[in-house]
Structure formats: structure tokens, C-alpha cells
Amino acid sequence: MPQQSRRAAEIYHQPLMDLLFQAQTVHRAHFDPNAVQCSKLLSIKTGGCPEDCAYCSQSARNGSDLSASKLMEVQRVLAEARRAKEAGATRYCMGAAWRSPKERDMPAVLAMIRGVKAMGMETCMTLGMLDADQALRLKDAGLDYYNHNIDTSERYYSEIITTRTFQDRIETLERVQAAGINVCAGGIVGMGETAEDRISMLETLAGLEVPPQSVPINMLMPMAGTPLADVPKLDPIEMVRTIATARILMPASYVRLSAGRSEMSDEMQAMCFFAGANSIFVGDTLLTAGNPDEDKDALLFARLGLRAEVLEASQEGCAA
Ligand code: SAM
Ligand code: DTB
Ligand code: SF4
């Protein structure tokens with residue numbers, strides 16, 4: 001086993017109390033332990049995706065009964081973004097069910113970035129694979145973050161997706177980085193992978209030329225009609241170990257407790273925050289799946305004494 005790999009595996013598999021203590025110690029050296037960054041998601045183009053990701057309700061190849069929509073109009077997106085800002089989100093993330101953006105859609109996408117940026121929120125997009133020119137144009141419009149997940153280990157990748165390769169994903173991440181956009185890259189746990197796959201995924205992320213500034217860890221939300229609809233539920237402690245290991249391997253990155261919070265107890269979420277998660281999606285919808293509503297998150301934050309992180313330029317935080 002290479003050096004790095006043994007280190008990551010040793011971190012992941014150590015007794016849970018030691019792992020949590022180490023992760024929390026690293027976390028406190030880099031972040032305020034009681035502040036959580038809040039992002040809001042919007043699906044700007046839903047369903048009908050040509051890719052075959054086995055977990056996804058939006059793949060046209062899966063049997064989910066989701067109908068495909070067209071790209072949302074810019075003004076509608078901006079109206080939604082304004083509502084999110086009023087509710088206190090500091091980052092607005094827009095997602096499209098594309099393999100990659102088509103030229104005819106670029107003007108609208110760029111206008112969405114400019115409009116959201118003008119409201120004083122950070123902007124994030126996830127549009128599939130990008131070429132170098134597209135990445136530069138997104139950057140020019142003011143894009144702060146690009147989300148592009150590697151999803152799992154290189155070994156397990158082809159069990160989950162066959163219409164693109166792990167290397168394709170890495171190449172887009174390199175183009176995003178080269179364009180000067182912050183990278184948001186993570187993955188999904190609970191897809192039938194092994195602990196070694198989860199460790200390997202984290203090592204790939206930590207080993208990128210620059211580690212991603214934001215690392216979303218999603219817990220699979222089983223979607224009806226997809227090949228992973230009936231996959232056995234992952235032991236929640238494995239999710240906690242994944243977050244803690246991400247925190248230790250990428251000490252200065254935001255680690256996002258991403259999809260799946262609606263299925264987690266407050267105690268489980270508290271353990272994930274203690275393990276070093278310091279970002280969440282707020283609002284009752286992710287892209288197509290559910291998320292805890294604002295009142296529920298406000299109560300959770302109050303119970304745990306957590307605060308929504310504010311952008312330096314403003315004094316507002318998320319409703320949670
Ligand atoms: N089409 C673009 C792409 O794949 O990069 C952007 C949207 S895609 C839905 C964004 C990410 O959401 C995926 O990479 C995956 O990690 C996550 N995701 C999708 N469906 C999920 C599910 N059912 N459970 C957990 N995470 C999911
Ligand atoms: C990420 O890692 N998780 C978000 C965001 N990036 C785009 C998406 C989660 C999707 C959950 C399933 C759904 O809403 O369809
Ligand atoms: Fe398409 Fe993205 Fe869903 Fe894969 S994860 S099917 S690329 S929307």
C-alpha cells in the first residue's frame with residue numbers, strides 16, 4: 001500500500017472516539033466549531049439526463065417517473081435566488097441535469113451567475129463536464145464555485161456510471177481549477193461500496209493539485225426506479241467516519257453534510273458536525289429530493305448552539 005493510503009486507512013479505521021477527537025482537534029485549528037455555512041440549491045434544468053448514474057432520479061436511462069423540464073428562465077431563477085437571500089442563504093447553487101452545457105444554453109447560464117452575484121451571494125453551479133473555454137467564461141461571469149463530484153472510488157466508479165469515466169471527472173476538475181474557480185467536489189456514501197472505496201475517494205480528493213475548497217459528502221437517497229433504489233442502508237457510523245476522515249485529510253476545506261439529512265436524527269447530525277462537517281444545504285428541497293425544512297433546522301441549530309456563518313461583507317445568516 002502506498003504511504004498516503006496507509007495513513008488514510010489508519011485514520012478511518014481507528015477507534016471512533018480517537019477518530020472523533022482527532023477530527024475535532026483539526027477542525028478547531030482551522031474553523032469556528034460552532035459556525036455552519038449555509039447553501040441553497042435550485043434545479044435549473046431537471047430530468048432527461050443522458051448519463052446513466054445509478055443513483056440519480058434525473059437520468060433518462062433510469063425508470064424514475066420524473067418528467068424532463070427545459071432550462072428555467074433567467075428571471076425566474078433570479079426571483080428564486082432573491083427569496084433564498086431573504087431567507088438568509090449566503091451561497092446559491094444552481095444544478096442542471098446535463099452531461100455538459102450546450103453552447104445555446106451558455107448565455108442564460110452566464111446571465112444567472114451575473115444576476116445572483118449582483119445580489120451579493122456567492123455563486124455555485126453544477127452543469128456536468130466542462131471544456132477549458134466554458135470554465136473561463138463561467139469564471140468571467142463571476143462564478144465562485146463549481147460542483148463536480150467524483151462520487152466514489154476509481155475502482156467502484158464503473159459499477160455506478162458507465163457513460164463517462166473517473167478520469168473525465170478529474171479532467172473537468174483540473175479545468176475548473178485552472179480557470180481560477182473554487183472547486184466543490186465530493187461524493188456519495190451508501191451505494192454498496194466498501195470502506196476502502198470511501199477511503200480511496202477521499203484520498204483522490206485530498207490528492208488533487210489543490211484540495212477542493214468544499215467537499216460535499218452525500219448519503220445516498222434511494223430514488224424509486226433507479227438501480228440503487230433497494231440498496232441496503234449504510235451503517236450511519238460509516239458516514240461519520242467518512243466525514244471525520246475528510247476533515248483530517250482536508251483540514252482547511254469546508255466539509256458539507258449534504259444529501260440525506262432528512263433521514264438523519266438530530267443526534268446523528270450532531271455527531272457529523274462534531275466530526276468536522278461545517279456546511280449544509282438549507283431549504284426543503286435539494287434538486288429533486290427532500291431536505292429538512294427551515295423550522296426543523298432552526299430548532300436543530302438552537303439545540304446544538306450552532307450559528308449560520310455570515311459572509312464577511314454582510315451581517316445576515318441563514319434562517320437556521
Ligand atoms: N449533472 C451534473 C453532474 O452530475 O455533475 C450536476 C447535477 S448531479 C445531480 C450532482 C450530484 O448530486 C451528483 O454528482 C451526486 O453526487 C449527487 N446526487 C445525485 N443524486 C443523488 C442521490 N439520490 N443521493 C445522494 N446524492 C445524489
Ligand atoms: C452535491 O454534492 N449534492 C447536491 C449538489 N451537490 C448538487 C445534490 C444532491 C442531490 C440529491 C438528490 C436529489 O435532490 O435529486
Ligand atoms: Fe445526469 Fe448528474 Fe444525474 Fe448523472 S448525476 S444522471 S449526470 S443529473
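All values derive from a computational prediction rather than experimental measurement. Both ligands and their constituent atoms are indexed starting at 1 by order of listing.
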Protein heavy-atom partner closest to atom 5 (S) of ligand 3 - residue, atom, separation in Å: Tyr55 OH, 3.4 Å
May I ask you to check whether Gln58 and Glu51 show a side-chain donor-acceptor distance below 3.5 Å? no
Within the 3.5 Å criterion, strictly below it, is a donor on Tyr55 or Asp151 matched to an acceptor on the partner's side chain? yes
Taking everything shown except Asp235 itself, do over 12 heavy atoms lie less than 6.0 Å from its CG? yes
Nearest-contact summary for atom 3 (N) of ligand 2 - protein heavy atom, Å: Asn218 OD1, 3.0 Å
Judged by non-hydrogen atoms, does Ala96 sit under 4.0 Å from ligand 1? yes
Taking atom 1 (Fe) of ligand 3 as the reference point, the nearest protein heavy atom with its distance: Cys49 SG, 2.3 Å
Going by atom types alone, do Tyr254 and Glu309 pair a side-chain donor with an acceptor below 3.5 Å? yes
Among all protein non-hydrogen atoms, which one is nearest to atom 7 (S) of ligand 3, and what is the separation to 0.1 Å? Arg164 NH1, 3.3 Å
Out of all atoms in ligand 1, which are within 4.0 Å of some heavy atom of Asn218? Include the element for each. 16 (O), 25 (C), 26 (N)
Within 2.8 Å of atom 4 (Fe) of ligand 3, is there any N, O or S atom belonging to Cys56? no
Checking heavy atoms under 4.0 Å, the part of Thr288 that sits near ligand 2 is both
I'd like to check whether Ala289 has a polar contact with ligand 2, where a contact means an N/O of the residue lying under 3.5 Å from an N/O of the ligand. yes
Which of the listed options, Cys53, Gly95, Ala60, holds the heavy atom that is closest to atom 6 (S) of ligand 3? Cys53
Check contact between Gly128 and ligand 1, using heavy atoms of the residue and a distance below 4.0 angstrom. yes
Which of the numbered atoms in ligand 3 are below 4.0 angstrom from a heavy atom of Ala97? 8 (S)
Using a heavy-atom cut-off of under 4.0 Å, does the side chain or the backbone of Leu287 touch ligand 2, or both, or neither? both
In ligand 1, the atoms that come under 4.0 Å of a heavy atom of Leu220 are 24 (N), 25 (C)
Atom 6 (N) of ligand 2: which of Leu286, Thr285, Asn147, Leu41 has the nearest heavy atom? Asn147
Could you list the atoms of ligand 2 found under 4.0 angstrom from a heavy atom of Ser258? 1 (C), 2 (O), 3 (N)
Can a side-chain donor-acceptor contact be found between Glu196 and His13 if the only test is distance below 3.5 angstrom? yes
Does some non-hydrogen atom of Met125 fall short of 4.0 Å from ligand 1? no
